[in-house]
2 protein chains.
Amino acid sequence: MADKPTSIAIVGAGTIGLSFAALHLAKSPECLVSIFDTRSDLRNYVHASLPGYLTDVDVAQCLARLKITTSLEDAVKDADVVQEQGPENLDFKQKIWPKIEAAASKDALFWSSTSGILASEQSQHMHDRSRLIVVHPYNPPHVMPLLEVVPSPSTTQDVVDRTLTFWQSLGRVPVLIRKECTGFVANRLAFALFREACSLVAQGVVSVEDLDSVVQSSMGPRWTVAGPFKSYHAGGGEGGLQSFMDKIGVTVQACWTASDDDVKKHDVRVDADWQREVCRQTKEVYGVVEVSERDRKTRRVLEAVQDGTLPTRP
Amino acid sequence: MADKPTSIAIVGAGTIGLSFAALHLAKSPECLVSIFDTRSDLRNYVHASLPGYLTDVDVAQCLARLKITTSLEDAVKDADVVQEQGPENLDFKQKIWPKIEAAASKDALFWSSTSGILASEQSQHMHDRSRLIVVHPYNPPHVMPLLEVVPSPSTTQDVVDRTLTFWQSLGRVPVLIRKECTGFVANRLAFALFREACSLVAQGVVSVEDLDSVVQSSMGPRWTVAGPFKSYHAGGGEGGLQSFMDKIGVTVQACWTASDDDVKKHDVRVDADWQREVCRQTKEVYGVVEVSERDRKTRRVLEAVQDGTLPTRP
């Protein structure tokens, strides 16, 4: 892929597809992107929507490297990478990969952006199942650095390596997930905290807005700088995480036990009674969220943590 | 407290005590701080340690407003606020509050920095139990904006209001916790995610270092800008959180169920077998963490999200 401009086929022009297209066009000044979707207004839709994802770059120069097509074969035939974000539906994915495989070059990387349908399931009808790998973004991928790279047991090490190298060279954060599992890692972690958040609001311990304030003024900034293991390891001083657990393990276990009890007591399952009030309160507090403002602030936060040269203002 | 400089008594000169002392001295250019502890080398210890917490301020000017004393009465007698961070030990706290109450002025606010011993328990032997309130920081308080304000059922609304107003006027983020509960809110949330993190590492799904990378490049920055409710509410588009749950509730529940199953299967309780390997891996990856670098970066992140005027660099 080093000798000529990289060519990337985006299969599925939803918000994730457009966000990835924008990321590639903006981050790699020479790469070519083709976008495939079956929607009849595809060209107008992409030209209307894509510029919104292209911030701080020459939009016309980006669009000049873009092909828009309703032919899957046309989209993938010259691609070095085929990146799929069609419907989250096993049948769709099992049917499209053999078509992509038949039309694409034999060296092309095959990436699914799925948030939960394993590569080992998606690849069932492929000729060569070793080519498929999940590359799950954190939404929206043109802003957020994380990509969860999840091979199936059949995926070759070469595919894993080339996938990790691609994203590292773009300055993103690809993370290898070593075993296929329900929900991968980021959502598993986020939903664990979210369940506790729902439970505490459902119990009336804290309001929706105050709970968000808690996270924004504590874990959010802390975990931007150091993840949970590094944070608690630091919290243990010289003895590290082991000291931390020795010192406050009793409190940690008390919290875990209380969480389990409360989740049961307040029936914190999806679609149970608590959900209506939590959704109502959230809507009342936030109305419709302005995501462009969120994304702008997120970029600033990411710059702040990455750039070692910025001085702290007094 | 408005007519003369605010006077704050810090009871217990551990790391939290010094961090709070530094916060008050640095944030309120006129306030007076007295530090009480029973350690025999108190004066030398405070003079050696406190400057490390005083960044971007005139250290000599701060120290000139500091009193260091091994007499509890001397520390609290003129205080507008008495802030306790002694040992996390119910007996200690139950015994010290009546002494503080006897020595302090009748209007002084009484705050405990405890991470888990409820005000309703601590205040058992006080003459007036309505004065005590928990003000639990996120460590270290001279950096992190959050204060969890947790009244007991006896605490007066006046004490709650004055406490919230104090911290708001300092530009911090005091959050009212409406019911006393195990671990309050921040630790409950953080430990819920931490349990899931431990579970996923114990299963070999992801390494300690990679798990931290996941959090630092996704939830950390996202939740710095918008807490979990606001984030998922945005994720649901115009229909908000309710739409989000309608669309991906099945995935959320699948993750919750998988988490519960895995925690049981891998026996993820404090001090069980998984803990040794997770602690070993953490130590191997991180050694001893440089917290001053962490705190410097955290300040930059907090500035980036707070300051609406900073442009995003291209």
Side-chain angles (χ1 to χ4, degrees), chain A residues 56 116 138 145-146 173 175 179 181-183 185-186 188-194 196-197 205-206 208 210 212-221 223-225 227-230 233-234 240-242 249 251-253 255 258 270 279 282-283 286 289 291 297-301 304-305 312 314, chain B residues 56 116 138 145-146 173 175 179 181-183 185-186 188-194 196-197 205-206 208 210 212-221 223-225 227-230 233-234 240-242 249 251-253 255 258 270 279 282-283 286 289 291 297-301 304-305 312 314:
Chain A
D56 303 319
Y138 200 81
L146 176 66
V173 182
V175 172
K179 287 180 185 175
C181 69
T182 305
V185 169
R188 282 286 289 271
L189 294 171
F191 292 161
L193 184 141
F194 181 57
E196 190 68 358
V205 167
V206 64
V208 158
D210 283 348
D212 277 352
S213 286
V214 166
V215 175
Q216 289 175 235
S217 56
S218 58
M219 282 146 265
W223 288 342
T224 300
V225 173
F229 287 112
K230 191 172 184 180
H233 188 61
L241 186 60
Q242 182 62 57
T251 305
V252 173
Q253 185 60 57
C255 286
V270 168
C279 289
T282 306
K283 188 176 178 181
Y286 295 121
V289 177
V291 289
K297 282 190 178 179
T298 305
R299 278 201 197 85
R300 275 214 314 264
V301 166
V305 75
T312 304
Chain B
D56 304 318
Y138 200 80
L146 176 67
V173 182
V175 171
K179 288 181 188 176
C181 69
T182 305
V185 170
R188 284 285 289 270
L189 295 171
F191 292 160
L193 185 141
F194 181 58
E196 190 68 358
V205 167
V206 65
V208 158
D210 282 350
D212 278 351
S213 286
V214 166
V215 175
Q216 288 174 236
S217 56
S218 58
M219 282 145 264
W223 288 343
T224 300
V225 172
F229 287 112
K230 191 171 184 181
H233 189 63
L241 185 60
Q242 182 63 58
T251 305
V252 173
Q253 184 60 56
C255 286
V270 168
C279 289
T282 306
K283 189 176 178 183
Y286 295 121
V289 177
V291 290
K297 282 190 177 180
T298 305
R299 279 201 195 86
R300 276 215 311 266
V301 165
V305 75
T312 303

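In what follows, every chain begins at residue 1, and chains take the letters A, B, ... in the order their sequences are listed.
Of the listed residues P228(B), G183(B), A186(B), A192(B), the one with more heavy-atom pairs under 4.5 angstrom with chain A than any other is P228(B). Across V185(B), T182(B), V175(B), V225(B), the residue that shares the most heavy-atom pairs under 4.5 angstrom with chain A is V225(B). Listed options S213(B), A258(B), G227(B) were ranked by heavy-atom pairs under 4.5 angstrom with chain A; first place goes to G227(B). Of the listed residues K230(A), K179(A), M219(A), the one with more heavy-atom pairs under 4.5 angstrom with chain B than any other is K230(A). Between chain B and the options L189(A), V252(A), V214(A), T298(A), heavy-atom pairs under 4.5 Å are most frequent for L189(A). When the candidates V206(B), L193(B), V215(B) are compared by the number of heavy-atom contacts under 4.5 Å with chain A, L193(B) comes out ahead. When each of A197(A), G116(A), C181(A) is scored by its heavy-atom pairs under 4.5 Å with chain B, the top score falls to A197(A). When the candidates V173(A), V270(A), V289(A) are compared by the number of heavy-atom contacts under 4.5 Å with chain B, V270(A) comes out ahead. For the set V208(A), D210(A), V205(A), V291(A), the count of heavy-atom pairs under 4.5 angstrom toward chain B peaks at V205(A). Annotation: maximal heavy-atom pairing with chain A below 4.5 Å, among P145(B), G220(B), C279(B), S217(B), occurs at S217(B).
The two atoms that bring L241(A) and F194(B) nearest to each other are CD1-CZ, 4.1 Å, heavy atoms only. Taking both residues in full, the closest heavy atoms of R188(B) and E196(A) are given as NE-OE2, 2.6 Å, listed atom of the first, atom of the second, then distance.
For Y286(B), the side-chain hydrogen bond (donor to acceptor under 3.5 Å, both in side chains) criterion is met by D212(B), not counting sequence neighbours. Residues passing the side-chain hydrogen bond (donor to acceptor under 3.5 Å, both in side chains) test with Q216(B), sequence neighbours excluded: none.
Both the backbone and the side chain of V301(B) have a heavy atom closer than 4.5 Å to some heavy atom of chain A.
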